[in-house]
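Predicted model only: the values in this text are computed from it and were never measured. Each chain gets a letter, A, B and so on, in the order the sequences are listed, and its residues count up from 1.
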Amino acid sequence: MSYLDQLNDVQRNAATHIDGPVMVLAGAGSGKTRVLTYRIAHLIDTGADPYNILSLTFTNKAAREMKNRISQLVGEGNSKALWMGTFHSVFAKILRYEAEKIGYPSNFTIYDSDDSKSLIRTIIKEMNLDDKVYKPQLVQRRISSAKNGLISGTEYQNDTIIYNDDLQAKKPLLGKIYGTYEKRCFKASAMDFDDLLYKTNILLKNHSDVLLKYQDKFKYILVDEFQDTNFAQSNILKMLAARHENICVVGDDAQSIYAFRGANIQNILQFKSLYPDVAVFKLEQNYRSTKTIVAAANQVIDNNKEQLKKDVWTANQDGDSIKLIKCLSESEEGTFIASEILDIKDNENASEDDFAILYRTNAQSRALEEALRRKNIKYRIYGGLSFYQRKEIKDLLAYFKLCSNPNDEEAFKRVLNYPARGIGKTTESKIMMAASEEGKSPLAIVNNVNDAHLPINAATKNRILEFAHLIKSFQNLSLEKDAYETAQHIASATGILKEFYSDRTPEGISRYENVQELLSAIKEFTEIELSEEEKGSENPRSLSVFLEEVSLLTDTDIKDNKDDESPKVSMMTIHSAKGLEFPYVFIAGLEEDLFPSQLSVNSRSDLEEERRLFYVALTRAEKKATLSFAATRFKYGNMQYNEPSRFISEISQDLIESPTIQKIEKRELISKKNYALVNHAVRKKLVKPSQSAGSAISIEEINQLTVGTKVNHDRFGKGEITGLEGEIPNRKATVEFQNIGKKQLLLKFAKLQILK
DNA sequence: AGTATCGTCGTTTTT
DNA sequence: CGACGATACT
């Protein structure tokens, strides 16, 4: 078969070893997606029914791309029958189908993390707890990790170890909050993201008939990015695969960067003990990067203790050295990166699309953006606020959700007084109180506001009735009409469209555009051809069905703005760069306390995760990686002085090229103030000397220098000081070098060593 | 009920 | 610094 010839030996063996458990350890850029897609194609070619194949990814984008590639190999008819999607979307689909088994309606809504945080906030308030002690975000994290660890609210409350932990943290009521949160979600017929995995576990564990059904259905299971699975996910896999044990997991422990979110690296490290007869394949040939980049990445990751040893190598060219740029400030870092981009673009005939600037935190993007704007370089920022998290979108979606699930409490609260219709906070809390007392949904209270004996005046009651009628009319419409008609009607009948249309401020215009974009996405949805399955159902293009599809989409799933397809530099956090590759990659902000993050330096495992993150960043680069750090940076409005990241010194010097001193002295934007700041930075280094090789000499050492002192310089070699002038921090030395003659050096930058 | 000002907080985030 | 939520006004 021709397509198998496109694989190397290991890849082919991994793709064609069909029976029994398989683990593919795939180094960065080693073609793991290729193996997965060809494996699926091969399965189908050798007689497997696509309907029996389950392939799980972590992003919708990855699933879509893989599906496309497979349909090119085996035809669209075959690829359509595959179950291919994210963990969350596949199990949401199963949960909708089996919902009643666990007491949920099949039209349950999915709470995103804002929704669930808001519910947690309400609960904390209702319990009269101090939200300084019970910070909603912390509570949310706690609940999330409990669910990921498959611990229910009741189990949490009955577990003495957990309780003592919480007691010691002076938060004994966390379990109570979790329990209440669980009940409230259930009452609202809502599941949060974690529930999609948690409830699937419950479903499969408590209903052996259901488990058997899916075990038989999914004869072949494939999992991408296995290193990022958490306990809830690996447990589902374990249950589903128990019957046929045809499970193939692909991953790279060196690229596990989501442990902070519950991903458990042990899943991949201990896969072998779970399936003793597993066939392990190591993909070690990198097809993406130069030898230099591969070598540097290997050196870095070698510092991690906890890893499965791999020997990643490449047949590619040596390529350029890794460039290291030392900057005075974040703005200078931006400027330098911008001019470097222009340089490379001219010299190597590259387009903006070939560049990526990666950083540890989103906050770093601002200074970089400004620099690119100043030099008129087009860029695109990934991440930040996602489309579906925007207020205007969430507001409109809340109307949709309320139509499809009248129990949805968060959606109700969102739309009750939006757009403003004179139903304020006080009235809202009266309604919510009544709902919880009578055990009804808030919408049910509103529908019968005349019967409920609420202390609400007549005028407000009328406004509430009007609201109730409005929602009722939307609900009726959504049953008959398709999603687009319903949505269009809701957007205009509520006045939301008009409100944004008449707002001519830039924000208003952008909101209007966003709403239009949502509407056109809905239009697109209604125009998708019906599948066989859907032809039987009542209103297959209803708003409810749209919601089911959309609630698990994220920003990267939305197509780019079609109006502007000009090439752009990509800017994003390293986390969101996983799985991507670019010819030229800049990694900015390589400073201690930023990368590695300050919160990681006290634990070895956290630090190792940061290192893996750096490994991911480096291995995104095909041709050239450029690292930079800034000696000073604004943090929370204060100037901070930084030492270079320890990760820089983990790359051997012969792979790194630092800019020449002359180039540094020619730099733009160096003010006297900046010099003073660097002086501080140098002083700080004195207290805690940096291990990084090739750093400038300390002030103490500068003071020791006299005419006649013998020195060594990284690039210029050995020499003798013949003159000294200027005061610290701008003290300069004239050095007579043996090979190249006289040079003037600014001592705070010069990488001099004093020779005895 | 809607707005102005104050205070607090601050990693990463495929879903 | 700057986003967002809570509180205090009008």
Could you check whether [X] gets within reach of a base, just the sugar-phosphate, or nothing at all, counting any heavy atom under 4.0 Å?
X	value
A:Phe193	base
A:Phe87	nothing
A:Thr57	nothing
A:Gly422	sugar-phosphate
A:Ala420	sugar-phosphate
A:Glu610	base

Looking at [X], I'd like to know whether one of its side-chain N or O atoms comes within less than 4.0 Å of OP1 or OP2 on [N].
X	N	value
A:Asn362	B:dG10	no
A:Thr573	B:dT13	yes
A:Ser576	B:dT12	no
A:Arg366	C:dG2	yes

Check whether [X] reaches the backbone of [Y] with its side chain - one donor and one acceptor, N or O, closer than 3.5 Å.
X	Y	value
A:Ser116	A:Ser113	yes
A:Glu330	A:Gln364	no
A:Asp131	A:Lys135	no

*asked:* Could you check whether A:Phe271 and A:Phe226 have their ring centres less than 6.0 Å apart?
replied: yes
If I take atom [atom1] in residue [X] and atom [atom2] in nucleotide [N], what distance separates them, rounded to the nearest angstrom?
X	N	atom1	atom2	value
A:Asn457	B:dA1	CG	P	9 Å
A:Phe58	B:dT14	CZ	P	12 Å
A:Lys117	C:dC4	NZ	C1'	10 Å
A:Leu358	B:dT13	CG	P	12 Å
A:Lys135	C:dC4	NZ	P	18 Å
A:Ile574	B:dT11	CD1	C1'	11 Å
A:Gln140	B:dT13	CD	P	15 Å
A:Lys61	B:dT14	NZ	C1'	11 Å

*Kindly confirm whether the side-chain ring of A:Tyr636 is stacked on the base of B:dC9, judged by centres under 5.5 Å and planes under 30°.*
no
*Using the P atom in both, what is the distance from B:dT13 to C:dC4, to the nearest Å?*
16 Å
_Pick the closest DNA chain B nucleotide for A:Asn417 and for A:Ala263 by heavy atoms, then say which residue is nearer the 5' end._
A:Asn417
*Between A:Lys578 and A:Thr427, which is nearer to the 5' end of DNA chain B once each is assigned its nearest nucleotide?*
A:Thr427
*Going by the angle between their ring planes, with limits at 30° and 60°, are A:Phe91 and A:Phe87 parallel, tilted or perpendicular?*
tilted
*Quick one: stems involving DNA chain B, counted as three or more successive Watson-Crick or G-U pairs, both distances short of 3.5 Å.*
B:1-10 with C:1-10
*Report the C-alpha separation of A:Phe186 and A:Tyr104 in whole Å, then their side-chain angles, then the decisive distance to 0.1 Å, and conclude whether the ring pair (Phe, Tyr, Trp, His ring centres under 6.0 Å) test is met.*
CA-CA 7 Å; A:Phe186 183 71; A:Tyr104 265 84; 5.0 Å; yes
*Would you indicate which nucleotide in C:dG5, B:dC9, B:dT14 comes nearest to any side-chain atom of A:Arg121?*
C:dG5
_Ring-face cation of A:Lys413 near A:Tyr418 (centre distance under 6.0 Å, axis angle within 45°)_ = no
*Presence of donor-acceptor pair under 3.5 Å, side chain of A:Arg360 and base of B:dT11*: no
*Under the salt bridge (Lys or Arg N to Asp or Glu O under 4.0 Å) criterion, do A:Asp252 and A:Lys32 qualify, and how do the steps go?*
CA-CA 10 Å; A:Asp252 180 5; A:Lys32 74 183 162 73; over 6 Å; no
*Looking at A:Arg360 and A:Glu610, does any basic side-chain N land under 4.0 Å from a carboxylate oxygen?*
yes
